[in-house]
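The block underneath contains the structure these notes are about, expressed in structure tokens.
Proteins come first, then strands; the chains are lettered A, B, ... in the order of their sequence lines, and each starts at number 1. All values derive from a computational prediction rather than experimental measurement. No hydrogens, no waters, no symmetry mates; every other heavy atom, side chains included, goes into these values.
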Protein chains: 2
Amino acid sequence: MLELAILGFLSDHPLHGYELRKRVAALMGHVRPVADGTLYPAIKRLAAAGWVTRKDEPGVAAAPRRVLYLTGEGREELERRLREPADLDISDENRWFTLLAFLRHLDEPDAQAAVLRRRLAFLEEPTSFFYDGERPMAAEEFADPFRQGLLVIAQATSHAELTWLRNTIAELEKAPAAG
Amino acid sequence: MLELAILGFLSDHPLHGYELRKRVAALMGHVRPVADGTLYPAIKRLAAAGWVTRKDEPGVAAAPRRVLYLTGEGREELERRLREPADLDISDENRWFTLLAFLRHLDEPDAQAAVLRRRLAFLEEPTSFFYDGERPMAAEEFADPFRQGLLVIAQATSHAELTWLRNTIAELEKAPAAG
DNA sequence: TGAGCATACCTCGGTGTCGATATATATTGA
DNA sequence: TCAATATATATCGACACCGAGGTATGCTCA
């Protein structure tokens with residue numbers, strides 16, 4: 001979900017909601033727009049869970065800003081979610097948010113390269129791709145031309161993500177590792 | 001949504017819920033699994049709207065089947081939805097269901113080729129791809145390397161769909177047009 | 001002076017999806 | 001004979017998301 005992307009953004013540095021809103025829109029508004037009625041409740045949930053704290057910043061703008069800070073627990077939660085296989089599942093329609101969290105969380109190359117590699121392995125694993133979730137697939141179902149069409153599209157998408165991940169990892173390894 | 005896929009399936013011929021469930025799972029369970037708690041309420045909605053009728057088929061299986069028939073209004077609704085530009089939006093996360101409806105609705109080549117061509121035009125239109133939804137994009141935002149990554153992935157996905165659509169249309173035109 | 005817009009936050013109702021659960025019969029295999 | 005499994009349908013609560021609407025201030029331009 002969106003929560004993951006927010007945690008990813010805040011791992012860079014604190015932001016107020018409106019700035020967050022703008023950054024999400026700028027980065028992926030053309031692919032995956034986010035409504036205010038989605039963003040602000042998401043922030044509220046994260047605050048209720050203790051993953052972000054909010055502090056009012058008086059008199060810097062037209063309307064009072066509530067600056068969002070990622071807590072220690074919030075950082076742990078982000079790292080946990082990025083490690084979770086569920087969030088790497090290609091069937092996850094909110095894959096975009098997962099990717100966005102990845103993208104905003106590249107400050108620590110060593111740890112991140114490992115996470116990216118795990119996602120890459122998941123995508124490369126052929127069985128994960130043909131897994132039905134319930135039962136083995138019959139031969140005739142497997143050969144269905146309609147199914148083939150969907151498969152081609154899904155594979156192309158995964159392939160694009162994979163290529164991007166490979167390039168990203170390569171760049172991380174070129175850069176000097178921190179710590 | 002799922003409704004579109006169901007209407008698409010039923011446009012082929014009547015099915016009972018469990019058969020529908022199996023076909024959806026076989027076709028795209030590995031990409032987009034559908035829960036029972038999603039499917040049956042969706043059928044109920046379609047029935048309430050008058051787009052499908054249900055008739056109990058006694059004693060053919062372990063449990064009694066409720067066979068689903070697409071009504072005339074249901075067929076009109078399907079065609080209306082496939083023509084709607086909203087359902088062609090690349091930001092639509094339920095694009096899979098749209099594609100599935102397309103796939104199951106290829107019985108009438110002439111009409112369908114037109115629909116597919118419209119979707120193709122939408123994907124090829126460069127402005128639709130860079131549209132922010134709210135405001136023009138600043139140059140620096142445009143060049144953001146993170147944004148580039150997301151864009152590459154989104155473009156690859158659209159490109160895969162596009163290629164598939166081209167092939168599908170080509171096959172439709174090879175086949176003799178009905179009527 | 002006033003309109004309009006950007007900034008900034010938020011609520012509310014409706015909806016679609018999920019996971020868990022319920023029910024009940026027929027078939028298959030140990 | 002007993003336990004699974006497959007068949008078949010359905011409800012329920014929880015939850016994330018959306019669109020519409022609300023509130024209020026400050027800036028700019030006519």
Could you tell me how far apart [X] ([atom1]) and [N] ([atom2]) are, to the nearest whole angstrom?
X	N	atom1	atom2	answer
Leu39(A)	dC18(D)	CG	P	10 Å
Ile43(A)	dC10(C)	CD1	C1'	10 Å
Asp56(B)	dT9(D)	CG	C1'	10 Å
Lys22(A)	dC9(C)	NZ	C1'	14 Å
Leu4(A)	dC15(D)	CG	P	18 Å
Leu68(A)	dC9(C)	CG	P	8 Å
Leu15(A)	dA8(C)	CG	P	12 Å
Leu46(B)	dA10(D)	CG	P	13 Å

Inset, instruction - Looking at every strand, decide which applies to Gly17(B) at a 4.0 Å heavy-atom threshold: base, sugar-phosphate, or nothing. - result: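 The residue Gly17(B) makes sugar-phosphate contact but no base contact.
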Would you indicate which nucleotide in [options] comes nearest to any side-chain atom of [X]?
X	options	answer
Asp36(A)	dC10(C), dC17(D), dT17(C)	dC10(C)
Arg66(B)	dT17(C), dA16(D), dT9(D)	dT9(D)
Tyr18(B)	dA8(C), dA8(D), dA16(D)	dA8(D)
Tyr40(B)	dT11(D), dT17(C), dC17(D)	dT11(D)
Arg65(B)	dT9(D), dC10(C), dT7(C)	dT9(D)

Less than 4.0 angstrom between a side-chain N/O of [X] and OP1 or OP2 of [N], yes or no?
X	N	value
Thr38(B)	dG16(C)	no
Lys44(B)	dT11(D)	yes
Arg45(B)	dT17(C)	yes
His16(B)	dA8(D)	yes

Inset, instruction - Look at the side-chain heavy atoms of Ile, Leu, Val, Met, Phe, Trp and Tyr, link any pair under 4.5 Å apart, and say whether Tyr18(A) and Leu27(A) land in one connected group. - result: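 Shared cluster, yes.
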Legend entry - Hydrophobic cluster membership, Val52(A) vs Tyr40(A), 4.5 Å side-chain cutoff: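 As far as the 4.5 Å side-chain criterion goes, Tyr40(A) and Val52(A) are connected within one cluster.
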Could you tell me if the side chain of [Y] sits less than 4.5 Å from the side chain of [X], heavy atoms only?
X	Y	answer
Arg54(A)	Arg66(A)	yes
Leu78(A)	Leu10(A)	no
Asp36(A)	Arg21(A)	yes

Inset, instruction - For Pro41(A) and for Ala63(A), find the nucleotide of DNA chain C with the closest heavy atom, then tell me which residue's nucleotide is more 5'. - result: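 So the residue in question is Ala63(A).
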